[in-house]
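Accompanying notes for the structure given below.
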Amino acid sequence: MSVSLVLLVIMAVLYACGIYLMLERSMTRVLLGFLLVGNATNLLIIIVAGAAGSAPIVTDGVDAEQMTDPLPEALILTAIVITFGVSAFLLALIYRSWRLARQDVVQDDADDVAMRSGVAIRGEAGAAESDTEFGTRARAAVSSARDLEADDEDAAEVGRQEDDRYEGEEPP
Amino acid sequence: MVLVPLLGAAIALTLARRPRLQRLISIIALAVVLVIGVILLVTVDRSGTLVVEVGGWPAPFGIVLVVDRLSALMVVVSALVLLAVLIFSVGQGLADGDDETPVSIYYPTYLILATGVCNAFIAGDLFNLYVGFEILLVSSYVLLTLGGTRARISAGTTYIVVSLVSSMLFLASIAMIYAAVGTVNIAQISVRMGEIPVDVQILLQIMLLVAFGIKAAVFPLSFWLPDSYPTAPAPVTAVFAGLLTKVGVYAIIRAETLIFPGSELNPALMVVALLTMVVGVLGAVAQADIKRLLSFTLVSHIGYMILGVSLGTAAGTSAAIYYVVHHIIVQTTLFLGAGLIERIGGSTSITRLGGLLRLSPVIAILFFIPALNLGGIPPFSGFIGKLALFQAAAEQDTVLAWVLIGAGALVSLLTLYALMRVWNLAFWRPADDVKDYQSSLLTNLSEAPGGGTTQATRSVPRLMISATAGMVAVSVALTVFAGPLFGLADRAGSDLEGPEHYVGAVLGEVPDD
């Protein structure tokens, strides 16, 4: 099975860049990294199909040995569709996260933070700090005290109230 | 089988404006799946593996759907669980005016999840398995982030990115396997796998195991699970916990028995099982929130299943199969129970709950039985499953196997401790004893959406109770009918002992090439 060196190099570069991007904290970069890794995987499938040949249509005079292997192409088509759907969903998720919090950085998990700093968190991680996080307590606090914070111009606060309003509008 | 929930989803989606009809159709679709599953199970058990060649292409070329005893059993159990959880969430939706599961896409998405699960269980080639995984994962992304609140988006992000990595790894390993053996049909792979060099085999096996291990939440790859599951609505968490990880376990069973039988990685897998059990349960003991605690026990009990698989014997496999069945039912029931607790107590943090026994003795019993069951108290199915696993491990009679048995016993004790702590604090403790802890560590540990201070008691709709009670009844039935069920698991396990059975059914005969 002969393999095109160019394809191999492209695949390796795509994988490297994709994985590097996926390790970033910014969600948009994670998405881009995911797209690169997805394409790299598709290239990998093309590569495993072996050398390119003629179209895999059975006619007289064409030897089966000279045809391209059609199965990987079918696999890639499916994979592309799936990648497309998932990245659309991720984009929607990033947009939602942006509307809620005005930031697209993956947050530290609130519980991990609590675990790491032990009980000492009680003092320093006050309400203002944890409100900007994605934590659930922030929502719980708001549902009881929505009006009090209505004047707060903090972007995160606005986002959260949008969130609340959104929930209120949902059909019964 | 696959088509019914998918069609149901399509119909339900068109009826988005008529929620009552939507519910009816969802329930009917899943009930039909359950009936088909039972029929399949009986047929397969009597007359052997069924193979459907989709599109009429003969086996190694076309897409095949294969139903053997393992697949049929898994389909029946998951249809049962899906149906019960659906009824639970319908009950919750009716009572709450749908504030937890608000939008009209809930039922269609749920049905698509069912499609994906069924497809994954009966897929006869790796790529179809991948497609099944993707179907169920994408719908699980939607279910997890449903409503788009901040906590869910945050948890969903972790979950989705982790799942994406595992899917890409799975796809890449499919490509590598295709490069190595020139097919994606599981049966044909298993025939040809012996012909390629051993190191390539091990490489492929590691890639597949890591991909499946992320989905099954095996120890070093399980970090995402306790973060992401507890934020979803209770019914969604229940079905995720019951089914999604088990699809991963199923894929591991398939890969280990068919593609790489008797592999050299089994001792490594046993160590992984050991770590999964111990680390998971230690996490559970430290938790104060019921849903998080249950998520950690979920991780720890995945370890038992991996233990069964890693033994590589028919006894081990059949014990693992029985354990998977038991665990799907019990874990789902426990999460439903947590949902009920959240309803009556207004919180899932055990530091804030108390006196629920007096408040609702029914729920107390409904939580108590599966809790004992998961901990492996003798009359229940958890005990039977664990006993079978330990027997299978003892047959191996290696040091590692005995260490695993000891760890398994310890882990079940710790599980029991964690769950009894929940029961004692939430149900047994008088309500007056609950102090309002100001420690923000404890506050931070509570993950209940909207779970502030203890709210006024809400009435629990009868449909939710009866769905949970139904699941408890099924879990007790697992004990009562343990004989026939274990026989079935045994036969399924011995089918899987060598790949010949599966291969023969799919390819007609074992080819020599």
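Lettering of chains follows the sequences in order, A, B, ..., and the numbering in each one begins at 1.
For the atom pair CZ (Phe89(A)) and CG (Leu137(B)), the distance works out to 11.5 Å, reported to the nearest 0.5 Å. Atom OH of Tyr141(B) is separated from atom CG of Leu90(A) by 8.0 Å, given to the nearest 0.5 angstrom. Between Leu93(A) atom CG and Leu144(B) atom CG the span is 9.5 Å, to the nearest 0.5 Å.
With contacts defined as side-chain heavy-atom distances shorter than 4.5 Å, the pair Val86(A)/Glu134(B) qualifies.
Contact of Phe127(B) with chain A is made through the side chain alone, with heavy-atom distances under 4.5 Å. Heavy atoms of Ile82(A) lying under 4.5 Å from chain B belong exclusively to its side chain.
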Below 3.5 Å, can you tabulate the donor-acceptor pairs from side chains in residues 169-181 of chain B to any protein atom, sequence neighbours excluded?
residue, atom, partner, partner atom, Å
Ser173(B), OG, Leu169(B), O, 2.9
Ser173(B), OG, Phe170(B), O, 2.8
Tyr178(B), OH, Asp69(A), OD1, 3.2
Tyr178(B), OH, Asp69(A), OD2, 2.2

Show me, pair by pair, the donor-acceptor contacts under 3.5 angstrom made by side chains of residues 33-47 of chain A, not counting sequence neighbours?
residue, atom, partner, partner atom, Å
Asn39(A), ND2, Leu35(A), O, 3.4
Thr41(A), OG1, Tyr15(A), OH, 3.1
Thr41(A), OG1, Val37(A), O, 2.8

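Each of Val161(B), Val131(B), Ile160(B), Leu164(B) has some count of heavy-atom pairs under 4.5 Å with chain A, and the biggest count is that of Leu164(B).
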